[in-house]
Amino acid sequence: MLHKTTMNMKIAIIYATQHGCADKCAHTLANEIDINTAIINLELSTDVNLNAFDTLIIGGSIHAGAINKKVKKFIDKYQDIILQKKLGLFLCCLYEGEKALQQFQDAYPELLRNKAIAHGLFGGEIDFEKMNFFEKAIIKKVANIEESFSKINYSNIKDFAQKMLL
């Protein structure tokens, strides 16, 4: 049962995606939250009125060891406002365990990590159909991956949504 205050919350899921994994996770998360949720893709819009929202969920995916540059720029630009909001952070990456935790720590500033009420590691996927020739070649050589696959952790997305609604 949702609290009355939760039902009046305005939530923004703000993310950037290169090949669609963070997009898929953001939409899945919005469906799990299911109340007053705006989905903002930083690939399409960089000016966001954060004052319209009580709660911010920020996420992105790891490429070449770093979070999407648009997410980083967004955080750098709006960090003071972000710190005034209820906050959740998520990351899409192929690693699990300690390596995934390290990528999460590297992706988000300590101030934001400490402020966030939910941290989400949503898994990742490789979709060769959405990659250019050079991206495919690098993935095949460096990661020794030959075909597309998905390791999105839908259970982690659901758990994250529940934490955000408390």
Side-chain angles (χ1 to χ4, degrees), residues 1-63 66-75 77-79 81-97 100-101 103-105 107-108 112-131 147-166:
M1 179 89 177
L2 296 175
H3 299 288
K4 186 176 181 181
T5 54
T6 304
M7 292 175 65
N8 295 325
M9 247 186 341
K10 291 186 179 145
I11 301 169
I13 300 173
I14 303 164
Y15 71 97
T17 190
Q18 190 165 348
H19 297 114
C21 183
D23 182 68
K24 194 179 293 183
C25 290
H27 282 85
T28 301
L29 181 59
N31 288 335
E32 287 291 335
I33 292 172
D34 198 32
I35 55 163
N36 299 328
T37 306
I39 302 171
I40 301 165
N41 182 344
L42 294 173
E43 301 290 332
L44 305 174
S45 175
T46 54
D47 278 337
V48 181
N49 178 10
L50 297 181
N51 294 322
F53 303 100
D54 309 300
T55 301
L56 303 177
I57 298 171
I58 300 172
S61 52
I62 295 290
H63 290 278
I67 195 160
N68 186 297
K69 289 176 184 162
K70 292 192 187 225
V71 173
K72 183 167 178 14
K73 285 181 185 175
F74 177 82
I75 289 170
K77 182 176 179 179
Y78 294 110
Q79 182 167 303
I81 298 169
I82 294 168
L83 288 168
Q84 297 171 24
K85 307 288 183 173
K86 184 175 180 183
L87 178 64
L89 301 170
F90 75 85
L91 187 68
C92 297
C93 69
L94 293 175
Y95 291 112
E96 296 174 352
L101 290 172
Q103 286 191 322
F104 186 89
Q105 288 176 355
Y108 297 108
L112 294 187
R113 292 193 321 266
N114 291 339
K115 167 73 172 156
I117 62 166
H119 295 182
L121 293 169
F122 293 171
E125 63 184 9
I126 297 290
D127 188 346
F128 282 118
E129 290 182 22
K130 294 181 179 178
M131 294 180 187
E147 58 187 41
S148 298
F149 69 90
S150 179
K151 290 171 55 176
I152 293 175
N153 189 325
Y154 292 99
S155 176
N156 283 2
I157 296 172
K158 185 174 188 157
D159 292 346
F160 182 94
Q162 290 173 346
K163 287 178 189 170
M164 291 306 300
L165 291 172
L166 293 177

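Basis for what follows: all heavy atoms, side chains included, without hydrogens, waters or symmetry-related copies. Start at 1 with the first residue, then count along the sequence.
Side-chain contact check for F104 versus L89: some heavy-atom pair is nearer than 4.5 Å. Taking 4.5 Å as the limit, every side-chain heavy atom of I11 sits out of range of all side-chain heavy atoms of M164. Considering only heavy atoms from C-beta on, L165 comes within 4.5 Å of I35 through its side chain. Side-chain contact check for I82 versus F74: some heavy-atom pair is nearer than 4.5 Å.
With sequence neighbours excluded, no residue satisfies side chain to side chain donor-acceptor pair (under 3.5 Å) with T17. The side chain to side chain donor-acceptor pair (under 3.5 Å) test applied to K115 returns no partner, not counting sequence neighbours. Contacts of Y15 classified as ring pair (Phe, Tyr, Trp, His ring centres under 6.0 Å), with partners at least two apart in sequence or in another chain: none. Remark: E43 pairs with N68 by the side chain to side chain donor-acceptor pair (under 3.5 Å) rule, at least two apart or across chains. Residues passing the side-chain contact (heavy atoms from CB on, under 4.5 Å) test with Q105, sequence neighbours excluded: Q102, R113. With sequence neighbours excluded, the residues that form a side-chain contact (heavy atoms from CB on, under 4.5 Å) with K158 are E32, Q162.
We find the OG1-CG distance between T28 and N156 to be 12.5 Å, quoted to the nearest 0.5 Å. Separation of atoms CD1 (I62) and SG (C21) is listed at 11.5 Å; rounding is to 0.5 Å. Remark: F122 CZ to C93 SG distance equals 11.0 Å, nearest 0.5 Å. Note that the OH atom of Y108 and the CG atom of L87 stand 9.0 Å from one another [nearest 0.5 Å]. Residue K70 holds its NZ atom at 14.5 Å from CD1 of I14, rounded to the nearest 0.5 Å.
Residue Y78 qualifies as enclosed at atom OH: its count of foreign heavy atoms under 6.0 Å is above 12.
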